[in-house]
Amino acid sequence: MGDGTPGTAADGPADDAREPTLDRPLPEGVRHRVVAVAADAFGSFTFAELPLPLRPYARFTPSRRAKHAATALAAALESDPAFRHKVAGKLREAQPELTGALDAGTPPPAADPLDVAAAAYLLRPAGWAKLVATAGEEAQRAHAERADEETLRELAKLREEVQGLHAQLRSEAVRARAELDAVRKEGDVAHRKLRSALSDVKRAEAAQRRIQAELDEARAAAAQDRAAAETEARRLRTRVAEAEAAVESGRRAAREGRSIEDVRLRLLLDTVLDAASGLRRELALPPRESMGVRPADTVDAVAPGAFSPRDIATRALSETDPALLDQLLALPQAHLVVDGYNVTKTGYPSMPLEKQRLRLLGGLAALAAQSGAEVTCVFDGADLDMPVLLAPPRGVRVLFSKAGETADELIRRLVRAEPPGRQIVVVSADREVADGVAKAGARPVASVLLLKRLARV
């Protein structure tokens, strides 16, 4: 470099030995910019030209190299002058104006300070350390100014939010006061209504006491009238006895031919009849034809052809009433046969088959314990690839159909195996199954009926 021109990338590390060094760490912004320049120039080097620590990143993209190899790039630029001169040469090719101005010792004033500092760090012109330090300070000052501006904007935003919150709180306070006034008014109305209701209750209680007193008086008067009627009835019975005696005497006189006694007897009988008629009018007794209930009608008994309460309850049950299933299972030696999957897919089809079986068998076990009936649950086993590991619950017989046989056919065989006359209840929503077992003497019921009954277990 005897001609006085600035050094180029071809100048060796001997020049670097005479150059000053930084008295502080490389500013963070300058460091990022230097790493970015090196990551861009990285791809133009051959594998042999790369320092050993950087060779693992040879196939990375520039952005990935800047992200994952930043530390290795910064260390290589600092410790390997040859690699730094190569990167500086690529920078001269990419930014000739900036590097030329730095070589001339007049960095462009309009350039980004970070770009100037990064180029100075790579090119190492005279006074490069001062340029890097100055650029770092300017970058920090610009960063501080931007931070101050952002802080001011954030403060203004927070003030606006606080003002908005104050306005919102004021509006909410106004609304709360309005709601409180409305609640108070409603409370006053409710208190007035309550006082009115209490007054009505007191008046009703006074009226009830008055009616009770009148009822007691009426009962006392009725008791007196009943006593008087009984006294009059005894008197009339006495007079009737006397009249009967007189009639008997008149008969004897008639037999003896005493006509005057006939006249006396007739007069006495007419007197008794007139007195009885007057008593009936006084007591306001109804005619015999209008009396709907006779004393014998009040005696509890079973009339011929009448239904007992049990018969009436049985006939009133609907086909979907779970109580119908309870009555069927209450019959002596009842046998409940359940089409398992037909019931589970009706009641809870979204569950897996294993959980369907466990839920149904748990309900049937409780039903068997409550009713004491024999319970058999049949599942379709034609499509099973392996045996089902299942421990039948207490009181429930669990059967799977054999290969080549459906659960419907197994249910029909179970019904045919029972002796004629035994009460067999088959639960299935399949119409074909219901018709078949009904012809065999069983009683079919719908799956919904059993599901309703199990819901009560």
Handout entry: Student check: side-chain heavy atoms of Val396 and Val338 closer than 4.5 Å
Key = no
Problem - Heavy-atom neighbours of Gln208 CD exceed 12 at 6.0 Å - result: no
Problem - Nearest heavy-atom neighbours spanning Lys452 and Pro322 - result: CB-CG, 3.6 Å
Fill in the blank from the handout: Here the pair of heavy atoms bringing Asp430 nearest to Asn342 is N-ND2, 3.7 Å
Handout entry: Closest heavy-atom pair and its distance - Ser447, Ala429
Key = OG-N, 3.1 Å
Practice task
Taking the side chain as every heavy atom from C-beta outward, state whether Val375 and Leu329 have any pair of such atoms under 4.5 Å apart.
Solution key: no
Problem - Close side-chain approach of Arg443 and Leu328, heavy atoms under 4.5 Å - result: yes
Handout entry: Pairing of Asp435 and Lys439 as salt bridge, 4.0 angstrom limit
Key = no
Handout entry: Leu361 CG to Arg397 CZ distance, which is reported to the nearest 0.5 Å
Key = 13.0 Å
Problem - CZ on Arg175 to CD on Gln168, rounded to 0.5 Å - result: 8.0 Å
Exercise for the section: Working to the nearest 0.5 Å, report the span between CG of Leu450 and CG of Leu454. Expected result: 4.0 Å
Problem - Expected output: side-chain Ser428 to main-chain Asp339 donor-acceptor under 3.5 Å - result: no
Fill in the blank from the handout: In this structure, CD of Glu186 is separated from CD of Glu179 (nearest 0.5 Å) by 10.5 Å
Fill in the blank from the handout: Taken to the nearest 0.5 Å, the spacing of Tyr341 OH from Arg357 CZ works out to 4.0 Å
Problem - 4.5 Å side-chain heavy-atom contact, Arg210 and Leu215 - result: no
Practice task
Considering non-hydrogen atoms only, spot the tightest contact between Thr376 and His335 and give its length.
Solution key: OG1-NE2, 2.8 Å
Practice task
Assess whether atom CD of Glu172 is packed by more than 12 heavy atoms of other residues, nucleotides or ligands within 6.0 Å.
Solution key: yes
Completion exercise
Applying side-chain hydrogen bond (donor to acceptor under 3.5 Å, both in side chains) to Thr231 and not counting sequence neighbours gives Arg234
Problem - Minimal non-hydrogen separation, Cys377 against Gly340, with atom names - result: SG-CA, 4.0 Å
Practice task
Kindly confirm or rule out a cation-pi arrangement of Lys86 over Phe83, judged by NZ or CZ under 6.0 Å from the six-membered ring centre and within 45° of its axis?
Solution key: no
Practice task
Check the pair Thr406, Glu409 against side-chain contact (heavy atoms from CB on, under 4.5 Å), reporting the backbone distance first and the verdict last.
Solution key: CA-CA 5 Å; Thr406 63; Glu409 296 172 350; 3.3 Å; yes
Exercise for the section: Go through the side-chain N and O atoms of Asp380 and Ser401 and say whether any donor and acceptor fall under 3.5 Å apart. Expected result: yes
Problem - Partner set under side-chain hydrogen bond (donor to acceptor under 3.5 Å, both in side chains) for Asp216, not counting sequence neighbours - result: Gln212
Practice task
Decide if atom CZ of Arg153 counts as having more than 12 heavy atoms of other residues, nucleotides or ligands within a radius under 6.0 Å.
Solution key: yes
Handout entry: Evaluation steps, salt bridge (charged side-chain N to carboxylate O under 4.0 Å, His left out), between Asp188 and Lys193
Key = CA-CA 9 Å; Asp188 295 339; Lys193 290 182 178 179; over 6 Å; no
Practice task
May I have all residue pairs that pass salt bridge (charged side-chain N to carboxylate O under 4.0 Å, His left out) and include part of residues 417-429, sequence neighbours excluded?
Solution key: Glu374-Arg422, Glu418-Arg422
Completion exercise
What one should report as the nearest heavy-atom pair of Leu451 and Gly347 is CD1-CA, 3.4 Å
Handout entry: Euclidean distance, Leu360 CG relative to Leu367 CG, rounded to 0.5 Å
Key = 10.5 Å
Handout entry: side-chain contact (heavy atoms from CB on, under 4.5 Å) assessment of Val337 paired with Val425
Key = CA-CA 6 Å; Val337 180; Val425 181; over 6 Å; no
Problem - Backbone of Arg192 reached by a side-chain donor or acceptor of Ser196 within 3.5 Å - result: no
Problem - Side-chain H-bond candidate by donor/acceptor type, Gln370 with Arg453, under 3.5 Å - result: yes
Problem - Gln356 (side chain) donor-acceptor with Met351 (main chain) under 3.5 angstrom - result: yes
Handout entry: Close side-chain approach of Val426 and Val415, heavy atoms under 4.5 Å
Key = yes
Handout entry: Side chain to side chain, Leu353 and Phe379, heavy atoms closer than 4.5 Å
Key = no
Problem - Non-hydrogen side-chain atoms of Val437 and Ile411 separated by less than 4.5 Å - result: yes
